[in-house]
Enquirer: 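Below are the C-alpha cells for one structure; questions will follow.
Keep in mind that the numbers below use all heavy atoms, side chains included, and drop hydrogens, waters and symmetry copies. The chain is numbered in sequence order, starting from 1.
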Amino acid sequence: MATWLDDANTPEDTQQQDTLNTDLGKEIKPPQKEAGLFSGALTSPLRGGAIGVAKVGTALMRPFDALSDRLAYTYQDS
C-alpha cells in the first residue's frame, strides 16, 4: 500500500535517509579500553599503603575525638 510520502520521496532521497539512519547507530561512544590481568598491579601497593595510613590515622584520632567531645559536654553542662 502506497502513501503520499512514497510519492513525494524520490529513490535518491530514501537512499540518503537510509544511509543517515545506519550512520546514526555507529559508535555513539568511544570504545572503552579493556582491563588486562595485571592492569593495576604496579600501583596497587601504593594505593593499599595509602588506605592503610588513612585507617591508622583514623584509629589513632578516635580517643582524642572522644576526649574532646566529653570535655565539650562537661563544659556545656556546667
Side-chain angles (χ1 to χ4, degrees):
M1 184 161 114
T3 63
W4 65 271
L5 190 57
D6 294 334
D7 296 336
N9 288 336
T10 62
E12 293 84 17
D13 291 339
T14 56
Q15 183 180 6
Q16 184 181 11
Q17 289 173 358
D18 290 341
T19 56
L20 287 175
N21 287 338
T22 55
D23 289 342
L24 286 176
K26 291 182 183 176
E27 210 170 321
I28 294 172
K29 58 184 178 180
Q32 294 181 352
K33 184 176 150 184
E34 292 186 24
L37 183 62
F38 297 107
S39 62
L42 294 176
T43 60
S44 65
L46 297 174
R47 288 182 282 144
I51 291 170
V53 166
K55 285 187 175 187
V56 167
T58 303
L60 291 176
M61 288 304 293
R62 280 188 185 157
F64 295 112
D65 289 338
L67 181 64
S68 66
D69 286 343
R70 288 188 180 107
L71 288 175
Y73 292 140
T74 304
Y75 180 73
Q76 288 175 357
D77 285 343
S78 57

Enquirer: Quick one: side chain to side chain contact (heavy atoms under 4.5 Å, CB included) partners of Tyr73, sequence neighbours excluded?
Expert: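 Scan of Tyr73 (side chain to side chain contact (heavy atoms under 4.5 Å, CB included), adjacent residues dropped) gives Asp69, Gln76.
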Enquirer: When clusters are formed from ILVMFWY side-chain contacts under 4.5 Å, directly or step by step, what else is grouped with Leu67?
Expert: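 Members alongside Leu67: Leu71.
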Enquirer: For residues 35-59, which residue pairs pass the side-chain hydrogen bond (donor to acceptor under 3.5 Å, both in side chains) check, not counting sequence neighbours?
Expert: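 Counting only pairs at least two positions apart or across chains, the side-chain hydrogen bond (donor to acceptor under 3.5 Å, both in side chains) contacts touching residues 35-59 are Thr43-Arg47.
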Enquirer: Among pairs that include at least one residue of residues 59-68, which meet side-chain hydrogen bond (donor to acceptor under 3.5 Å, both in side chains), considering only residues two or more places apart or in two chains?
Expert: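 Every candidate side-chain hydrogen bond (donor to acceptor under 3.5 Å, both in side chains) pair involving residues 59-68 fails, so no pair, neighbours aside, qualifies.
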Enquirer: Each residue besides Phe64 in its hydrophobic cluster should be listed here, by chain and number; the cluster joins Ile, Leu, Val, Met, Phe, Trp and Tyr at side-chain heavy-atom distances under 4.5 Å.
Expert: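 Once heavy-atom contacts under 4.5 Å are chained together, Phe64 belongs with Met61.
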